[in-house]
Amino acid sequence: MGALESIVAGAAANLLAPAVLFFALGAIAGWLKSDLTIPEQAAKTLALYLMVCIGFKGGVEARASGLTAELVSAGGFGLLLSFAAPFAAYAALRSFGGLDRVTAAATAAHYGSVSVVTFAAGSEYLRAIGVEFGGYMAAVLALMETPAILAALLIAGAPGRIQASAQSARFKPTLWREVFLNGAAVVLIGSFVIGVMSGERGMARLDLFVNALFQGALCLFLLDMGLVAARRLAEAPQLNVRLIAFAIGWPLLSANVALLGAHALHLSLGDASLLAVLAASASYIAAPAAMRIALPKADAGVYLSLSLGVTFPFNLLVGIPLYHAAARLLYG
Amino acid sequence: MGALESIVAGAAANLLAPAVLFFALGAIAGWLKSDLTIPEQAAKTLALYLMVCIGFKGGVEARASGLTAELVSAGGFGLLLSFAAPFAAYAALRSFGGLDRVTAAATAAHYGSVSVVTFAAGSEYLRAIGVEFGGYMAAVLALMETPAILAALLIAGAPGRIQASAQSARFKPTLWREVFLNGAAVVLIGSFVIGVMSGERGMARLDLFVNALFQGALCLFLLDMGLVAARRLAEAPQLNVRLIAFAIGWPLLSANVALLGAHALHLSLGDASLLAVLAASASYIAAPAAMRIALPKADAGVYLSLSLGVTFPFNLLVGIPLYHAAARLLYG
Amino acid sequence: MGALESIVAGAAANLLAPAVLFFALGAIAGWLKSDLTIPEQAAKTLALYLMVCIGFKGGVEARASGLTAELVSAGGFGLLLSFAAPFAAYAALRSFGGLDRVTAAATAAHYGSVSVVTFAAGSEYLRAIGVEFGGYMAAVLALMETPAILAALLIAGAPGRIQASAQSARFKPTLWREVFLNGAAVVLIGSFVIGVMSGERGMARLDLFVNALFQGALCLFLLDMGLVAARRLAEAPQLNVRLIAFAIGWPLLSANVALLGAHALHLSLGDASLLAVLAASASYIAAPAAMRIALPKADAGVYLSLSLGVTFPFNLLVGIPLYHAAARLLYG
Amino acid sequence: MKLATRTKLEIFVEAHAVDEIERMLRGMGFRGCSVFAGVEGAGSHGSWRQTGVEEAGMRLVVTIGAEQAAQAALVWLENYFAAYPGVVALSEVKVLRAERF
Amino acid sequence: MKLATRTKLEIFVEAHAVDEIERMLRGMGFRGCSVFAGVEGAGSHGSWRQTGVEEAGMRLVVTIGAEQAAQAALVWLENYFAAYPGVVALSEVKVLRAERF
Amino acid sequence: MKLATRTKLEIFVEAHAVDEIERMLRGMGFRGCSVFAGVEGAGSHGSWRQTGVEEAGMRLVVTIGAEQAAQAALVWLENYFAAYPGVVALSEVKVLRAERF
Ligand SMILES: Nc1ncnc2c1ncn2[C@@H]1O[C@H](COP(=O)(O)O)[C@@H](O)[C@H]1O
Ligand SMILES: Nc1ncnc2c1ncn2[C@@H]1O[C@H](COP(=O)(O)O)[C@@H](O)[C@H]1O
Ligand SMILES: Nc1ncnc2c1ncn2[C@@H]1O[C@H](COP(=O)(O)O)[C@@H](O)[C@H]1O
Ligand code: NA
Ligand code: NA
Ligand code: NA
């Protein structure tokens, strides 16, 4: 089978995966303004469940394979990517995107940081087509959440700004807690550590919970993401062609930078693909929460519409198989 | 084993099914005014989950067996039943039941439409006693939700009425969305289509989620339905003997009409039994939502008490095995 | 392996169980004031699910083994323990703990009553190390919830007191419903009865739901308990060294009394261990709900901080393996 | 718009009391009420938060009715608050369709 | 503190009407609103409770704005309540940053 | 009924600020408060909805206390609203047991 054919086959298989189809169902229902809703607390619980599974499975596998040099290089490179990306994204959003300083910085934080569900979809894709990757990638995911947020604060000069008024000074502790101890990071890292500590014995007890249900929970969560993405797009007067171009072009660029780095570091094909997915993904939980505290003047309509309404669907439907195809060309 | 004995055995087996017993537990707890409650969002999520499973499983099976002529005849007959039933039910509710015009029309919508959970209980019953039925029955379920609502609007002259006042005219789009794009219909049909599209490969990924958990989720949901049914009955001063007689007599009649039609159409024994269950069942989600918008002057205390408080328990406890027994007599 | 070594090994295994580690994760996140939260309705649903599983499994097993004399003696002894314990606890809390009369009585109710999740953790521990116990212990758990509450009402003279004012008289029905028909008791006993009625056939349908997911649900629920316990401890100015000493000393004492009784009654090693766990555990659902109605002047900060913040973690981390070790010494 | 003046009561109480309070309000002449669930709060009995583990939730019962009905309810509530946690606030509001309150 | 007087509307309506009512309020000149979900209640159309099985939930829409905007909204609402269940209460409140309302 | 007049503040703020605002209210002399979660809303910063994916929820903090405490809180809040989204409304209410507020 030629490279192109295999790319097309991979893309088609991805589009027929139930999880992707449920996302499409949600998006269509949202677009048609159906009254379908996923109860808010159910969606939060599903997100929590997905993070527990990703962290725990990753930890168990990382223990089995030993915490190798690959974890160090993948983790280090992920940290670097997450911290460096916002500077480039900021420049692009200011000049090409025409955003104001604060909104550009906040949006840059989203694109430097990562999306847990995109990672989940990416790893399910690799599993479905039989490509192996390291359990420690769950730890890399967790490591890549925060640096981009710090970078965006530096860019916006926020830590200084925040001390300006008496009121915002009070919010510094809240901000630092939000940055370093946000629920998503705590659950991901915590579950990873629990996975490492409890190992195969723990997995024996949690096997069905963590593995057999994962796909189903992902389907339900993506149904909700589809609804939210459609609504975000419909209610986003701020979006223009340039911003949408950024939201598609950036992940393409970012994924390829990640692939080149991963290749240079001799990471495996699967790890490289997941790093590309992470680099291409944009945060929609940790980053907005921090930005609401640190940069309240940034326009949330912009960063959430781009991240949830454009980049997330693009990565889910097209990006994931594409990045993996690029990885195969590179690793060829 | 004689016909009667086998009917009795089937009824007894039904009453000892965990799902039915959990319904009874909920009803007893509600009747004793225990403070037991199922969190609202959990119940909604369970309902969503049940619909995803029913639709998806049905779609996968329908793909496997091909979308045969049976789907067309069962679907067409179901549509007809759902649309025609409200006219007969309306006449009965006006004359025999003594209801006012609007409440009678709204109640008729409920009895023409269908109940997802009654369908779920019915198909679990057939599975438990080893009777096969077509996966496309899930699509028939979805098709039968809406026509009865349209029929009731015709009966009440609501589309005209609704234009009467400036305010209600604004609610026409909301109403049509509620009728054709209500969450339940969207999820059922969407999941069915996803099942058809992803087929056995999709089922391989979702097997445990969709099959192994179904019974348990049904138990929890029925626990809640028991609580709600008991409360509905306790708080229903509007109910009188005639209305209660309707709520039991109608399903008996309706199920037998469905059986005769199914037999004439050469549907299988299992399909006929499920069509009877659908015809006998009364809606308590899609119909009330539409009636609240279209016929706000109808007395919700009447239609919900009858549907949730009388017909649902009757079908669950007695109706399902009875209709199947009747089907077996008919199919000889 | 010597007795001490096996105790140490058991304790270590307990501390590495995923459920215990998730509790620790929650406690750490709560202590660091992370914004991690488990949606309230999700936690309630998990609690409900755990109770359904415990009751149902217990019922199925009890039916399989017959409702033997052991159930009668374990149940009778459990009832006695639960009723008698508050008198001793009250005396200790008044004299040694220095609490006022009403708060002491309310706290005594908590320590006489039992904790479902501690029971769940205890039975998972026994399962993990291969020690058998009777399914009827789920019924004993349910039986031990209420007597302690009645005892505390006697101690506080509440039934009399409650008649004092016109208002509180109205709350007597609410109180009795809360005491005898609280949701936890209804679900536990109801599921037990359903388990007995539906037996192995029912279990065949619910196997995965009730067994394979139990550990995972317990992990998520304990994550929440960790968060709550940490917050309770942080916000408990009322706690002093004596009260904390009570909250650790009482379970130690109580567990040993239960062990001696169980041994005298010739209960099995597993049953004795679980009775000790029940005796040592303190209620945090049924008892506070009843106390809020019956003894509103009691300081909820005291009883909830002790029960949730001290005794629960102690039992989970240290108590369970310790009581079992003591049981093994006793049973030689 | 023909507006009439009525009295609004906002009653913060523990969840277990809501049924009894609704009954009482009906008895005093209120013809409707709406109940909301709080997520956290604090008062003289300490602070609370609605979690899944502790069922400590407070409810807010809002009812609009006649001044007299409100006065009668206040007598009952004063008695109630002597034993149980909670707070009530009374204010004036304007309503449409006065005959319904 | 420079406080300005504005009008607050508290509108109790069924969930399906909220979108339309938000649109109407914007049209009448209100610049913001907040919506809350009730857990149970009662009125002339009987009592309801928010459960997972029945989707009967009422919402409370709170909006603060100019007296005129409120009067305009009341006309619309009177019409609406002729057909649908619900209640509206109007009261005066003081706000900071008057130019925003 | 002996009723006293007190001041009620209704403060709409983002969830992350609630802890700090409760602390502030205590500092200004308020002796209690109750917090509710909204489901959706709109204002000068755009519209929001409480979903499971985006954690954008606004909270309503209700507190009843002395006029002075309210004035002090308003100064703090004016400053706060210069940076963050939100709204505050002040009104008069009557309460029982005046000594508790
Ligand atoms: N001053 C207040 N303002 C608003 N809500 C209050 C106030 N005082 C008490 N509450 C609410 O009523 C509950 C019981 O009050 P208390 O009886 O003072 O403990 C508190 O937990 C709050 O939710
Ligand atoms: N007097 C009232 N006070 C507070 N809420 C009310 C009142 N009357 C009605 N409501 C609310 O508005 C809903 C619809 O009212 P109704 O149209 O009278 O049935 C009720 O279910 C309550 O939630
Ligand atoms: N006029 C208003 N009436 C009621 N709630 C409002 C109003 N304006 C703002 N809010 C609430 O406060 C939040 C923040 O307001 P803003 O800072 O104007 O964006 C909004 O999202 C609403 O939930
Ligand atoms: Na990224
Ligand atoms: Na029907
Ligand atoms: Na105990």
Side-chain angles (χ1 to χ4, degrees), chain A residues 39-53 55-56 59-60 63 173-214 216-217 285-286 289-290 292-293, chain C residues 9 12-47 49-50 53 120-121 123-125 127-130 207-224 226-227 230:
Chain A
E40 166 227 337
Q41 298 197 8
K44 281 189 189 145
T45 309
L46 286 170
L48 190 80
Y49 164 81
L50 295 176
M51 291 187 286
V52 163
C53 291
F56 184 78
V60 171
R63 177 193 176 126
T174 311
L175 173 60
W176 295 132
R177 267 208 305 273
E178 193 61 55
V179 171
F180 291 110
L181 293 169
N182 69 77
V186 166
V187 165
L188 270 176
I189 296 180
S191 304
F192 185 86
V193 172
I194 292 176
V196 170
M197 288 175 74
S198 55
E200 286 303 326
R201 271 158 149 267
M203 183 53 98
R205 294 206 206 171
L206 290 179
D207 189 15
L208 280 168
F209 182 75
V210 149
N211 289 311
L213 298 188
F214 189 82
I285 296 183
R292 256 181 235 114
I293 302 173
Chain C
N14 181 58
L15 288 176
L16 286 180
V20 174
L21 292 171
F22 274 100
F23 177 81
L25 175 59
I28 293 169
W31 180 63
L32 294 173
K33 301 204 184 303
S34 160
D35 73 345
L36 176 63
T37 48
I38 316 299
E40 167 226 337
Q41 298 198 7
K44 280 187 189 148
T45 309
L46 286 171
Y49 164 81
L50 296 176
C53 292
S123 44
E124 289 300 303
Y125 176 72
R127 252 181 221 127
I129 61 173
D207 189 13
L208 279 169
F209 181 75
V210 148
N211 289 312
L213 298 189
F214 190 81
Q215 271 283 334
L218 189 60
C219 286
L220 286 187
F221 191 75
L222 283 171
L223 181 60
D224 195 33
L227 288 164

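Order of the sequence lines sets the chain letters (A, B, ...), proteins ahead of strands, with each chain counted from 1.
- When each of A:V186, A:I189, A:V210, A:D207 is scored by its heavy-atom pairs under 4.5 Å with chain C, the top score falls to A:V186.
- Both the backbone and the side chain of C:L16 come within less than 4.5 Å of a heavy atom of chain A.
- In this structure, chain A has no heavy atom under 4.5 Å from any part of C:A19.
- Of the two parts of A:E40, neither the backbone nor the side chain holds a non-hydrogen atom closer than 4.5 Å to a non-hydrogen atom of chain C.
- Heavy atoms only, all atoms of each residue included: A:A290 and A:V179 are closest at CB-CG2, 4.3 Å.
- For the pair C:L36/A:L48, a side-chain contact is recorded, criterion being any heavy-atom separation below 4.5 Å from C-beta on.
- Contact count against chain C (heavy-atom pairs under 4.5 Å) is highest for A:I194 among A:V187, A:T45, A:I194.
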Problem set entry | Full working for side-chain contact (heavy atoms from CB on, under 4.5 Å) between A:L206 and C:C219 | CA-CA 9 Å; A:L206 290 179; C:C219 286; 4.0 Å; yes
Problem set entry | Verdict with supporting geometry, C:F22 and A:S191, side-chain contact (heavy atoms from CB on, under 4.5 Å) | CA-CA 8 Å; C:F22 274 100; A:S191 304; 3.6 Å; yes
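- With a 4.5 angstrom heavy-atom cutoff, A:R177 touches chain C only via side-chain atoms.
- Smallest separation of non-hydrogen atoms from C:A43 and C:F221: O-CE1, 3.3 Å.
- Only the side chain of C:L208 comes within contact range of chain A, with at least one heavy atom under 4.5 Å from a heavy atom of that chain.
- C:L220 is not listed as a side-chain neighbour of C:Y49, based on a closest heavy-atom distance of 4.5 Å or more.
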